[in-house]
Protein chains: 2
Amino acid sequence: MYVKKIAPSLNCGLDLVGEVLYGKWKIRILWFIHEGHLRPSELQRKIPDATRRVLNVQLKELEDHELVTRTIYPVMPPKVEYHLTDFGKTLIPLIQSIGIWGDEHQERLRRVILKKNELTF
Amino acid sequence: MYVKKIAPSLNCGLDLVGEVLYGKWKIRILWFIHEGHLRPSELQRKIPDATRRVLNVQLKELEDHELVTRTIYPVMPPKVEYHLTDFGKTLIPLIQSIGIWGDEHQERLRRVILKKNELTF
DNA sequence: TCAAATAGGGATAAATTTATCCCTATTGCC
DNA sequence: GGCAATAGGGATAAATTTATCCCTATTTGA
């Protein structure tokens, strides 16, 4: 496991949120769990651009940060479900607002993002 | 300048938001500009944990993404001001909500973040 | 006259995050 | 019997992001 060398900034609310939500897929993971995609394999299908490995890593961090719980069912083949904690649920309205903002400004966002990258792909 | 090798995911609103807000200091930069800290040197004083260099880099990206404008005053010593664009201003309510959530859950966030890192520092 | 403030960029190193690859185990299905 | 689905972890490479260091220029003030 990677061990940090630089202490995080924890000065204000925004810093703290950054520490737990900063991760390429974390917000989407929380959203899809909220939508009822509870099992790792379902999440992977919903987020095909993320590798299985990185989903596991980020789920583990979300769990450590008490935003989700992990339940293991002792069956074979293995079955695991993630659920939002009450704490995690309090983030849903925020994530929803962010998603709505992104959807509303979709065309513009797509344009400015591609403009910056157009030489690349 | 760094050129990306992997195409970004641009499937949904959340993906798009991620592309423009993902950056260690971007949200805080937007917030402080909103608060009236318009000049690079002021921003640096507000965010001492970020280096001058990385602030410049992230401000440039925010400008490319049309969230802020950069105004150069032809005076000496140089004076530059950043302002939110109308587009950028539409993000402020979201950022405010995020900050409030972080402030409200400050103790808990601090605890879970430090728990994960306690072996490190 | 020298230091500090002002703004910013290039080159490179370091830190961090993601991706790739491979391995474990069990059950049901063809 | 072999293959897919299930869940996940270790080791390592690659990608990406941040940090460090140094350089340009000008004016004001000590």
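Just so it is clear: chains get the letters A, B, ... in the order the sequence lines come, proteins before strands, and each one is counted from 1. Computed over heavy atoms, backbone and side chain alike; hydrogens, waters and symmetry mates excluded.
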Open item on the list: Within the 4.0 Å heavy-atom criterion, would you say A/R39 contacts the bases, only the backbone, or no part of the nucleic acid?
Closed with: sugar-phosphate
Open item on the list: Using 0.5 Å steps for rounding, measure from the OG1 atom of A/T69 to the CD1 atom of A/I33.
Closed with: 8.5 Å
Open item on the list: Which is more 5' along DNA chain C, the nucleotide nearest A/P78 or the one nearest A/W25? Just name the residue.
Closed with: A/W25
Task: Residue mapping more 5' on DNA chain C - nearest nucleotide basis, B/E42 or B/R53 - done: B/E42
Open item on the list: Need two values: the first and the last nucleotide of DNA chain D, 5' to 3', having an atom under 4.0 Å from any heavy-atom of chain B.
Closed with: D/dA15 to D/dT27
Open item on the list: At 4.0 Å (heavy atoms only), tell me whether A/Q58 reaches a base, stays on the sugar-phosphate, or touches nothing.
Closed with: sugar-phosphate
Task: A/R108 NZ/CZ over B/F87 ring centroid, <6.0 Å and within 45° of normal - done: yes
TODO: Remember a base hit wins even if backbone is also touched, and classify B/S41 as base, sugar-phosphate or nothing at under 4.0 Å, heavy atoms.
DONE: sugar-phosphate
Open item on the list: So B/Y73, base contact, sugar-phosphate only, or nothing? Heavy-atom distance under 4.0 Å.
Closed with: nothing
Task: Closest-nucleotide 5' rank along DNA chain D - winner of B/K24 and A/N56 - done: A/N56
Open item on the list: Need to verify one output field. Residue with the more 5' nearest nucleotide on DNA chain D, B/A50 or A/R45?
Closed with: A/R45
Task: Minimal non-hydrogen separation, A/K26 against A/L21, with atom names - done: CB-O, 3.9 Å
Task: Any side-chain donor near an acceptor of the partner, A/E107 and A/H105, under 3.5 Å - done: no
Open item on the list: What I want to find out is whether B/E66 reaches A/K115 closely enough, with some N-O distance under 4.0 Å, to be called a salt bridge.
Closed with: yes
Task: B/E35 and B/K46 ion-paired at < 4.0 Å - done: no
Open item on the list: Need one value for B/Y22: base, sugar-phosphate or nothing, where a base atom within 4.0 Å counts as base even if backbone is also close, heavy atoms only.
Closed with: sugar-phosphate
